[in-house]
Amino acid sequence: MTAVGDGGSLRKGQWVLATPPLPRGGLSEQVAVPEEHVFPIPNAMSWYEAASMFITYQTAYYALHRCGRIQPGEVLLVHAGAGGVGSAAIQLGVAAGARVIATAGGPEKVRICQELGAETVIDYRAEDFVQPVKEVTEGRGADVIFDPVGGDTFDRSRKCIAFEGRLLVIGFAGGRIADAPTNHALVKNYSVVGVHWGLFRRLMPERVRKAHRELMHLYEQGAIRPLLHQTFPFDALPEALGLLAERKTWGKLVVKP
Ligand SMILES: NC(=O)c1ccc[n+]([C@@H]2O[C@H](COP(=O)([O-])OP(=O)(O)OC[C@H]3O[C@@H](n4cnc5c(N)ncnc54)[C@H](OP(=O)(O)O)[C@@H]3O)[C@@H](O)[C@H]2O)c1
């Protein structure tokens, strides 16, 4: 941080990450940001790790702990486990003491999920995940399912969720918003839980600050480490966005203005 205004609690030179609100955004060499959008980070954290940390880990943390009430020993199924929020969810699930199953598209992403700590990984382009999840859980299904994909992935997830499971609706990367039949939720005793971290942040900013402190603690312990696909110079931004759209990336892509 190169300068601070009067009356704030931060100091010049402090190592921070900032989430500049639109219309300014973060793709600039320097930006003025209100203190409420600035978060202290450890000195050991690199700039590209800091850039990769915030929304993905905050979302996964909020989803797993507050929305999913995950408990040690429970089974967590993470879809698109090599993606931005998925890779954070695998690491945070392991850190919470859960047994983590992941799905991913293709052998390279499968390997990445294994390296992140998932004990079982299913290539959902090659095979359906329902039966493998049932086998690993001895027929019980997953207690918590983290779903950033939606569509068919959501529909199939309902087939392998445990009694009193929590099916977390994170996003719709697959392009279709699935319907959730309420009779199915009733007969199997599971919950479909919407996760909108941005609204949580707006309504409960102090909880977000607390989660940030806990995430930084986990980082310092080595329990979480942002997964970086690549850094790009500013001029290569269109290339970075193209790779993301083509599903050829894992973790985060960071652009250096
Ligand atoms: N609820 C919230 O508060 C919140 C917060 C942050 C993000 N999100 C949402 O979560 C979703 C994932 O975000 P992210 O940052 O993790 O994105 P990402 O890094 O691009 O990962 C998305 C992953 O989804 C999988 N996928 C499946 N079908 C796809 C398709 N048709 N096109 C593209 N990808 C597809 C891909 O993994 P495979 O190739 O392995 O299938 C891809 O890596 C987005 O919908 C985003 O809007 C929600």
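As the structure lists them, so they are numbered: ligands from 1, and atoms in each ligand from 1. Numbers for residues simply follow the sequence, beginning at 1. Computed from a predicted structure; not experimentally measured.
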Task: Under 3.5 Å side-chain donor-acceptor pair for Arg201 and Thr19 - done: yes
Task: His229 versus Thr249, side-chain donor and acceptor atoms under 3.5 Å - done: no
TODO: Would you list the pairs meeting ring pair (Phe, Tyr, Trp, His ring centres under 6.0 Å) in which at least one residue belongs to residues 17-55, sequence neighbours left out?
DONE: Phe39-Phe54, Phe39-His212, Phe54-Trp197
May I have a table of the N/O to N/O pairs between ligand 1 and the protein that fall below 3.5 Å, each row giving the two atom names and the distance to 0.1 Å?
{"from": "ligand 1", "atom 1": "1 (N)", "to": "Ile170", "atom 2": "O", "distance (Å)": "2.9"}
{"from": "ligand 1", "atom 1": "1 (N)", "to": "Val195", "atom 2": "O", "distance (Å)": "2.6"}
{"from": "ligand 1", "atom 1": "3 (O)", "to": "Trp197", "atom 2": "N", "distance (Å)": "2.9"}
{"from": "ligand 1", "atom 1": "16 (O)", "to": "Gly84", "atom 2": "N", "distance (Å)": "3.1"}
{"from": "ligand 1", "atom 1": "16 (O)", "to": "Val85", "atom 2": "N", "distance (Å)": "2.8"}
{"from": "ligand 1", "atom 1": "19 (O)", "to": "Gly84", "atom 2": "N", "distance (Å)": "2.9"}
{"from": "ligand 1", "atom 1": "28 (N)", "to": "Arg247", "atom 2": "NH1", "distance (Å)": "3.4"}
{"from": "ligand 1", "atom 1": "28 (N)", "to": "Arg247", "atom 2": "NH2", "distance (Å)": "3.4"}
{"from": "ligand 1", "atom 1": "31 (N)", "to": "Ala173", "atom 2": "O", "distance (Å)": "3.4"}
{"from": "ligand 1", "atom 1": "32 (N)", "to": "Ala173", "atom 2": "O", "distance (Å)": "3.3"}
{"from": "ligand 1", "atom 1": "39 (O)", "to": "Lys109", "atom 2": "NZ", "distance (Å)": "2.7"}
{"from": "ligand 1", "atom 1": "39 (O)", "to": "Arg247", "atom 2": "NE", "distance (Å)": "3.0"}
{"from": "ligand 1", "atom 1": "40 (O)", "to": "Gly105", "atom 2": "N", "distance (Å)": "2.8"}
{"from": "ligand 1", "atom 1": "41 (O)", "to": "Tyr124", "atom 2": "OH", "distance (Å)": "2.5"}
{"from": "ligand 1", "atom 1": "41 (O)", "to": "Arg247", "atom 2": "NH2", "distance (Å)": "3.1"}
{"from": "ligand 1", "atom 1": "45 (O)", "to": "Phe172", "atom 2": "N", "distance (Å)": "3.3"}

TODO: Using the rule that two of Ile, Leu, Val, Met, Phe, Trp, Tyr join whenever any of their side-chain heavy atoms come within less than 4.5 Å, decide whether Ile70 and Leu167 are in one cluster.
DONE: no
Open item on the list: Rounded to the nearest 0.5 Å, what separates atom CZ in Arg140 from atom CD in Glu74?
Closed with: 7.5 Å
- [ ] Verify whether the ring centers belonging to His184 and Tyr190 lie closer than 6.0 Å.
- [x] yes
